[in-house]
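Here the structure is laid out as structure tokens; the discussion comes afterwards.
From a predicted model like this one, the values you see are computed outputs, not experimental measurements. In the text below, chain A, chain B and the rest are named by the order of the sequence lines, each starting its count at 1.
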There are 2 protein chains.
Amino acid sequence: MKTEKTTIHDIARHLNITASTVSRALKDHPKISSETKKAVHKTAQKLNYQPNHIAAALRNGKSNIIGIIVPTVDRSFFSSVVRGIEEIANTAKYNVMICQTYDNFEKEVSTVEALLNARVDGIIVSHAKETLNFDHFLKVKERGIPLIMFDRYNDELEVSNVVIDDFLGAYKVTEHLIQQGCKRIAHFTNTRKISIFKDRLRGYREALADNGLPYADELVVESNLQQEDGKAGMQHLLTLKEIPDGLFSASAMGALGAMEALKERNLRIPEDVAIVTFSNETFTSVTEPPLTTVDQHSMRIGNAAAEIFLEEINARERKFIPQKIVLKPELIIRRSSLRKK
Amino acid sequence: MKTEKTTIHDIARHLNITASTVSRALKDHPKISSETKKAVHKTAQKLNYQPNHIAAALRNGKSNIIGIIVPTVDRSFFSSVVRGIEEIANTAKYNVMICQTYDNFEKEVSTVEALLNARVDGIIVSHAKETLNFDHFLKVKERGIPLIMFDRYNDELEVSNVVIDDFLGAYKVTEHLIQQGCKRIAHFTNTRKISIFKDRLRGYREALADNGLPYADELVVESNLQQEDGKAGMQHLLTLKEIPDGLFSASAMGALGAMEALKERNLRIPEDVAIVTFSNETFTSVTEPPLTTVDQHSMRIGNAAAEIFLEEINARERKFIPQKIVLKPELIIRRSSLRKK
DNA sequence: AAGCATAGGATTATCGATTGCGCAATATAT
DNA sequence: ATATATTGCGCAATCGATAATCCTATGCTT
């Protein structure tokens with residue numbers, strides 16, 4: 001049943017040569033005659049030889065595997081990024097190992113350790129919402145293993161990162177609401193002040209300021225940004241003396257909850273309250289009405305992250321200077337915010 | 001910068017003992033005194049020792065990695081299955097390596113090869129829609145590596161598989177439409193006749209027959225089941241002399257397209273055409289109206305698949321008899337099909 | 001006190017691929 | 001024809017962890 005796996009030694013034995021010659025022949029080493037190479041390939045085929053990457057990895061000290069850590073792949077943003085990484089990685093003969101933290105700090109720490117022990121050649125990560133302590137990532141850096149962060153990142157780590165311009169996205173989308181005639185715009189932000197949410201909040205505030213609209217604390221609701229939070233948030237906003245006429249939710253799930261609350265009160269979207277949100281999740285296009293969002297070019301984020309990894313790997317000895325890539329977000333306008341035709 | 005990684009030999013040197021003792025001490029081998037163990041753990045800590053899984057994998061012939069192959073993780077069904085697998089696998093000290101085929105046959109073949117070369121201890125897979133030839137999976141079997149298929153599978157391979165009862169799900173959901181008063185129910189199925197779609201079609205037909213409704217070829221539309229296919233499919237159905245009053249789409253994206261077509265024609269859902277679909281994707285609950293679907297217990301599918309893997313690994317030498325686990329699906333009734341209050 | 005068991009480790013080979021160094025045989029130069 | 005290059009490949013070590021086998025002091029038995 002269990003076929004004995006054939007090794008380069010088996011091939012060598014068949015041809016009366018040594019394993020080292022086989023190894024070189026398979027790698028197309030210039031010092032091996034083309035006849036030998038041909039013979040080696042032929043018997044490799046015949047014996048159904050499959051290289052043992054583990055052995056090679058041990059010897060070479062590199063596994064040709066890139067570890068990817070994301071909160072969950074169950075969101076089109078993250079899975080698209082992963083796809084973008086794979087696109088580039090595969091052409092460079094790297095495989096990826098995808099791990100999910102489910103936004104849990106302990107799981108993130110143990111995942112990093114597991115990847116380190118698996119001797120991945122690099123790690124690309126978007127950290128958990130819970131993560132406040134970055135020591136586990138520091139360890140990666142100290143090991144000399146390329147670490148690239150995307151979307152959610154931490155400046156103090158001094159590693160390369162790829163992000164979209166959250167500030168600009170927030171600014172544009174808020175400005176869009178203003179252009180649609182909104183005067184009293186609410187904002188859903190995350191309790192945990194990770195960079196992306198801080199930037200979105202800044203974008204929101206600056207757009208208001210630049211357009212002569214006042215900022216009101218009561219219109220900014222902090223939560224975990226899940227659907228139920230969004231619903232509760234909107235229900236709360238509707239108790240204000242003066243209810244908002246627009247909402248910019250920093251998360252799509254939050255926007256969904258808000259829509260629910262509005263429908264229950266028979267308020268119209270966008271006529272009574274216009275809604276815009278972030279991250280172009282699949283479902284944003286199928287809600288009623290479809291949601292205006294900011295597209296984050298997730299695939300390109302992945303491409304860029306993988307490219308940085310490759311550069312960094314090749315830089316090696318020479319010191320590599322961490323770089324920051326900021327992609328421009330794009331507005332996707334749908335009915336949830338379209339008051340003017 | 002690049003910290004020299006410490007090995008068990010370094011620890012051994014520090015304590016004036018041998019590497020094998022260190023190895024045994026770390027694994028809590030009974031033949032090592034507790035003092036030595038304590039000392040080893042202490043200096044391991046001090047030297048910041050991290051085991052090299054690659055070396056162990058080479059020596060032991062097992063990597064403690066389970067390969068997972070899915071069409072894409074960008075669908076809650078698959079990502080939930082993955083999560084279910086991880087849940088069980090992690091408790092048994094296995095890590096997972098997730099790979100996506102994007103429903104492409106060549107990518108699937110090369111992925112299988114990559115996993116084999118990475119010497120994974122087992123493979124859990126839901127194959128690509130395109131896949132008709134299963135030789136690459138046969139190779140996995142021949143290597144003696146546990147192979148478990150879920151959702152989409154192939155009977156001829158004689159490997160364990162975990163599925164939900166597609167027939168029953170289809171039967172129940174069609175019957176539900178009938179109970180809601182539908183007399184002329186259409187069905188969207190896939191062009192490629194992989195088992196799950198065949199079973200859903202059977203369930204549909206049998207439910208019709210059991211309830212005295214005629215089967216009509218013109219009401220069954222074959223496509224790739226994407227959103228645009230669903231839209232086109234419904235547009236076609238609306239040109240029939242007698243249009244349908246119900247639709248069972250074998251895919252959620254297809255149902256979405258159908259809704260689009262109906263809305264454009266100002267037909268009401270569910271009053272004019274009631275809709276039900278399969279697979280409880282996130283977005284099905286946020287459409288207008290929300291879609292009635294069949295929940296596939298995706299997390300439990302993953303649990304079961306991982307459990308079979310563990311059994312199979314432990315069976316080893318003894319011959320393992322492939323098993324088939326069929327989970328019962330559950331109806332989730334939402335407004336898209338609810339005519340009676 | 002001689003004989004045997006046992007605890008606690010040391011030796012050494014091994015997993016499969018890779019590579020620096022060395023060497024023989026052939027080719028080229030002068 | 002002698003000296004030097006070049007071609008083509010073998011030798012042996014190495015990557016880090018592990019396990020089968022072998023040793024050597026103690027401890028225990030009668």
Side-chain angles (χ1 to χ4, degrees), chain A residues 2-41 43-44 47-65 93 116-121 143-144, chain B residues 2-41 43-44 47-65 93 116-121 143-144:
Chain A
K2 58 167 175 185
T3 335
E4 282 317 313
K5 338 78 178 162
T6 95
T7 73
I8 53 172
H9 291 92
D10 300 321
I11 299 177
R13 209 171 304 124
H14 269 250
L15 294 172
N16 245 333
I17 55 180
T18 62
S20 51
T21 302
V22 175
S23 172
R24 284 193 255 257
L26 290 173
K27 298 190 62 188
D28 203 29
H29 187 110
K31 292 225 161 183
I32 302 295
S33 73
S34 48
E35 304 169 49
T36 310
K37 283 179 189 168
K38 228 173 287 172
V40 167
H41 278 107
T43 71
L47 300 183
N48 189 25
Y49 169 73
Q50 297 284 133
N52 186 328
H53 283 182
I54 292 194
L58 176 58
R59 173 65 221 239
N60 297 330
K62 62 174 306 199
S63 58
N64 271 283
I65 293 178
K93 298 291 176 204
L116 244 29
N117 292 348
R119 295 301 197 266
V120 295
D121 294 337
R143 284 283 198 93
Chain B
K2 61 166 173 184
T3 335
E4 282 317 313
K5 343 73 180 164
T6 94
T7 73
I8 53 173
H9 291 93
D10 300 321
I11 298 177
R13 209 171 305 124
H14 269 252
L15 294 172
N16 246 331
I17 56 180
T18 61
S20 53
T21 302
V22 175
S23 171
R24 287 193 248 260
L26 291 174
K27 297 190 61 189
D28 203 28
H29 187 108
K31 289 228 162 183
I32 302 294
S33 72
S34 50
E35 302 169 50
T36 310
K37 283 179 188 168
K38 227 174 287 173
V40 167
H41 278 107
T43 70
L47 300 183
N48 190 25
Y49 168 73
Q50 298 284 132
N52 186 328
H53 283 182
I54 291 193
L58 175 58
R59 175 64 224 242
N60 297 331
K62 62 175 305 199
S63 58
N64 271 284
I65 294 178
K93 298 291 175 206
L116 245 27
N117 292 349
R119 295 302 197 264
V120 294
D121 293 338
R143 285 284 198 91

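A straight line from OH of B/Tyr49 to C1' of D/dG16 spans 8 Å, rounded to a whole angstrom. A/Ile32 places its CD1 atom 6 Å from the C1' atom of D/dC9, with the value rounded to the nearest Å. Between the NE2 atom of A/His29 and the P atom of C/dT19 there is a distance of 9 Å, rounded to whole Å. Look at CG on B/Asn52: it is 17 Å from P on D/dT14, rounded to the nearest Å. A straight line from CG of A/Asn16 to C1' of D/dC11 spans 16 Å, rounded to a whole angstrom. If you take NZ of B/Lys31 and C1' of D/dT18, they are 16 Å apart, rounded to a whole angstrom. In this structure, CD1 of A/Ile8 is placed 12 Å from C1' of C/dC15, rounded to the nearest angstrom. What separates CZ of B/Arg13 from C1' of D/dG16 is a distance of 12 Å, to the nearest Å.
The heavy-atom pair separating B/Ala57 from A/Ile54 by the smallest distance is CB-CD1, 3.7 Å.
When the side-chain nitrogen and oxygen atoms of A/Ser23 are compared with OP1 and OP2 of C/dT18, one or more of them lie within a distance under 4.0 Å. Note on B/Ser33: a side-chain N or O is less than 4.0 Å away from OP1 or OP2 of C/dG9. For the pair B/Lys27 and D/dA17, the criterion of a side-chain N or O lying under 4.0 Å from OP1 or OP2 is not met.
Looking at heavy-atom distances under 4.0 Å, B/Ser20 makes contact with a base. Within 4.0 Å of A/Leu58, counting heavy atoms only, lies at least one base atom of the nucleic acid. Note on B/Ile54: nothing from the nucleic acid sits closer than 4.0 angstrom, heavy atoms only. Using a 4.0 Å heavy-atom cutoff across all strands shown, B/Thr18 reaches at least one base atom of the nucleic acid.
For A/Thr7, the listed nucleotide lying nearest its side chain is C/dA17; candidates were D/dG10, C/dA17, D/dC9. Between D/dA20, D/dG16, C/dA17, one nucleotide has an atom nearer to the side chain of B/Lys5 than all others, and that is D/dG16. For B/Arg24, whose side chain is taken as the heavy atoms from C-beta onward, the closest listed nucleotide among D/dT18, C/dT18, C/dA10 is C/dA10. Looking at the side chain of A/Asn60, the nearest of the listed nucleotides D/dT21, C/dA17, C/dT18 is C/dT18.
Rounding to the nearest 0.5 Å places CD1 of B/Ile65 at 12.5 Å from CZ of B/Arg119. Taken to the nearest 0.5 Å, the OG1 atom of B/Thr43 stands 5.0 Å off from the CD1 atom of B/Ile11.
Contact annotation: side chain of A/Arg59 to base of C/dG20, donor-acceptor pair absent below 3.5 Å.
At a threshold of 4.5 Å between non-hydrogen side-chain atoms, the residues A/Lys5 and A/Asn52 do not count as touching.
Positionally, the nearest nucleotide of DNA chain C for B/Thr36 lies more toward the 5' end than for the other of B/Arg119 and B/Thr36.
Partner of B/Lys37 under the side chain to side chain contact (heavy atoms under 4.5 Å, CB included) criterion, out of B/Leu26, B/Thr21, B/Ile32, B/Val22: B/Ile32 alone.
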Please walk me through it: do A/Asn64 and A/His53 pass side-chain contact (heavy atoms from CB on, under 4.5 Å)?
-> CA-CA 9 Å; A/Asn64 271 283; A/His53 283 182; over 6 Å; no

